[in-house]
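Since the model is a prediction, treat every value here as computed from it, not as a measurement.
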Amino acid sequence: MSQLATNKHISQETSRKVLYVHLAPGDNIATCLKDWQVVQANSVNEAQLALDSNRFQVALAHIGKLNDKQRGDLERLVENAPPLNWIALIEPEYLNNDITNELIYDYFFDYYTLPLKDKAPYLCATLGHAWGLGRLREQEDDLRRYREECQMVGASPAIRLVFSQIRKVAGVDATVLITGSSGTGKELIARAIHQRSQRCKGPFVALNCGALPENLIQAELFGHEKGAFTGAHCRKIGRIEAAGGGTLFLDEIGDLPLSLQVNLLRFLQEETIERLGGNETLYIDARVIAATHRNLEAEIREGVFREDLYYRLNVLSIEVPDLKEREGDIELLANFFFRKFTEGRHHRVRGFSRRAIAAMNCHDWPGNVREMINRVRKAIVMSENRLITAADLGLGGTQEQVVPTLEEARNLAERQAIRRSLKKTGNNVSLAAKLLGVSRVTLYRLMEKHQLANVR
């Protein structure tokens, strides 16, 4: 493989690098690329070697009439390459070929017909534009990796408050209760707390209290000795013991059977457990983070959750907002998940249409972030368009009215405020009215207006 550099007076720090894959007979146009450091490859194999040993933002491919094998090799090269913008150079007669047109449409940022002649300055401008977009993508990828390390994505005031609470809670070795609707990311918050705590080098052990039958939860939590029950052929370490030195995350703590709540309470008080079928008392140093979508104060009044356990768990608390309450985060999250699911893979789709973004902003998102993940992932696979539409997301019914009227926006804000106040006060209308700064009569009138019953 030969490497050709033009304008060698340009320093390595300021020069821009382009991969030039020369797969068709004809003039070598590398000398036309002023101010570019050109790395030339005369075959797909040479191009792959260049990609393995260099970092590019943009690539040129001079292609002619390709047989099935050559086209397949080129497609695999582009699909397996790191994200970069490809520009095709092609003879005019090959643009009448449907296969070639499809190849350019699916894989290339832009194309130019040969010979270049007076088009070279325009090609250099296109290269510069594509290179700049690649740099922006690289910077965004760095930011995305930082966000992934933080385990959370968002910029709204509601989610920034959660970020602030995570930082404060992480520095205190006490139990934490995370509340919020299903699909809001409570486990991500628990992991973020663990990663920022002094226990970050210890294990993070999670258990969904609602996913196992009652007769198995005790063994999962506390472990068991050999022969403790039928099928207990050997000793098993429970989740609490496995979390020693780290963090135990109990998801859906509201589903923990009442009969086992006293056992968990004892561990929180004494920091000791006994395996099922054993008589040895074990001291376990593990921090407990619990989460629930239920209103535990209402559960206490109904007699299905222990009050003393609630206060042991609720030493520190974080309330996670619903996605519809995170103003400005919907588009940010949608683009984040789009990049996550398409990175390193070839997809026809390139993003979201404006109508799709508007439809997402108008959607109520009852399933919260989990629902968004499912809709975006399905749309990426099923869409036949360059841009994902509202219909691809399953939100086609919202296309005709993607911008709410002022009255609709006001009503939506009222409903959200009333829901949150009632949820925060355990459906105590008097306290909710005080939080909202209105009288009880006014709140009852607004609840009737919006057809809101008690909020769970």
Side-chain angles (χ1 to χ4, degrees), residues 147-148 151-156 158-159 161-162 178-192 206 208-211 249-255 290-296 298 318-342 349 352-353 355-383 388-399 401-402 404 408-409 411-413 415-420 422-424 450-456:
R147 288 170 178 160
E148 284 184 334
Q151 294 293 315
M152 299 290 289
V153 177
S156 65
I159 202 65
L161 175 61
V162 173
I178 304 172
T179 58
S181 303
S182 295
T184 51
K186 295 187 288 295
E187 183 171 347
L188 290 180
I189 291 174
R191 289 183 180 275
N208 189 321
C209 298
F249 175 59
L250 299 176
D251 198 8
E252 299 303 345
I253 191 66
D255 293 332
T292 182
H293 72 283
R294 296 176 180 269
N295 185 332
L296 294 185
I318 295 177
E319 183 178 357
V320 190
D322 288 348
L323 181 55
K324 62 188 176 185
E325 298 169 353
R326 296 170 54 177
E327 184 178 356
D329 281 352
I330 290 175
E331 182 175 355
L332 182 65
L333 280 164
N335 285 317
F336 170 79
F337 291 123
F338 176 84
R339 289 191 297 270
K340 180 178 180 179
F341 299 141
T342 58
V349 292
F352 298 94
S353 70
R355 283 186 173 271
I357 295 295
M360 286 191 286
N361 282 324
C362 288
H363 185 55
D364 204 39
W365 296 108
N368 292 292
V369 180
R370 185 180 295 124
E371 178 187 353
M372 173 175 282
I373 292 172
N374 291 340
R375 287 185 182 273
V376 171
R377 176 172 281 172
K378 180 179 179 181
I380 290 171
V381 174
M382 302 303 293
S383 178
I388 291 173
T389 67
D392 293 330
L393 292 163
L395 304 176
T398 63
Q399 291 189 69
Q401 188 177 345
V402 294
E408 289 169 340
N411 288 335
L412 177 61
R415 283 195 297 271
Q416 290 177 349
I418 293 169
R419 283 196 189 103
R420 294 198 70 183
L422 289 172
K423 183 177 179 181
K424 189 173 184 66
H450 296 298
Q451 298 180 337
L452 292 175
N454 289 346
V455 177
R456 290 294 300 273

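Atom OG1 of residue Thr184 and atom CD1 of residue Ile178 lie 9.0 Å apart, to the nearest 0.5 angstrom. Taking CD1 from Ile357 and CD from Glu331, the interatomic distance works out to 4.0 Å, rounded to the nearest 0.5 Å. Interatomic distance, NE2 of His293 versus CG of Asp251, reported as 10.0 Å (0.5 Å rounding). Distance check: Glu325 CD to Asn368 CG gives 8.5 Å after rounding to the nearest 0.5 Å. To the nearest 0.5 Å, the span separating CG on Leu250 from SG on Cys209 amounts to 4.5 Å.
Counting only heavy atoms from C-beta outward, the side chains of Asp392 and Met382 never approach each other to under 4.5 Å. Using a 4.5 Å heavy-atom threshold, the side chains of Phe337 and Ile380 count as separate. Side-chain atoms of Val162 and Ile318, non-hydrogen and from C-beta on, do get closer than 4.5 Å to each other.
Taking Ser181 as the reference, Asp322 meet the side-chain hydrogen bond (donor to acceptor under 3.5 Å, both in side chains) condition, with sequence neighbours excluded. Partners of Ala356 by side chain to side chain contact (heavy atoms under 4.5 Å, CB included), not counting sequence neighbours, listed by chain and number: Phe352, Ser353, Leu393. For Ala211, the side chain to side chain contact (heavy atoms under 4.5 Å, CB included) partners are Asn208, not counting sequence neighbours. Remark: Ala206 engages Glu187, Phe204, Phe249 in a side chain to side chain contact (heavy atoms under 4.5 Å, CB included) (not counting sequence neighbours). Applying the side chain to side chain contact (heavy atoms under 4.5 Å, CB included) rule to Asp329 yields the partners Ala155, Ser156, Ile159, Arg326, Leu332, Leu333; only residues at least two apart in sequence or on another chain are considered.
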Walk me through whether Phe341 and Val381 qualify under side chain to side chain contact (heavy atoms under 4.5 Å, CB included). CA-CA 10 Å; Phe341 299 141; Val381 174; over 6 Å; no
Please determine whether side chain to side chain contact (heavy atoms under 4.5 Å, CB included) holds for the pair Thr389 and Arg355, giving the CA-CA distance in whole Å, both sets of side-chain angles, and the decisive distance to 0.1 Å. CA-CA 7 Å; Thr389 67; Arg355 283 186 173 271; over 6 Å; no
When you look at Leu296 and Ile253, which way does the side chain to side chain contact (heavy atoms under 4.5 Å, CB included) test go after all the steps? CA-CA 9 Å; Leu296 294 185; Ile253 191 66; 4.3 Å; yes
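Note: His363 and Trp365 have perpendicular aromatic rings, judged against thresholds of 30 and 60 degrees for the angle between ring planes.
Shortest non-hydrogen contact noted between Lys324 and Gln416 is O-NE2, 3.4 Å. Between Lys186 and Gly180 the shortest heavy-atom distance is NZ-O, 3.2 Å. Nearest approach of Thr292 to Gly254, heavy atoms of both residues: OG1-N, 3.8 Å.
Residue pairs meeting the side-chain hydrogen bond (donor to acceptor under 3.5 Å, both in side chains) criterion with at least one partner in residues 373-382, sequence neighbours excluded, are Glu371-Arg375.
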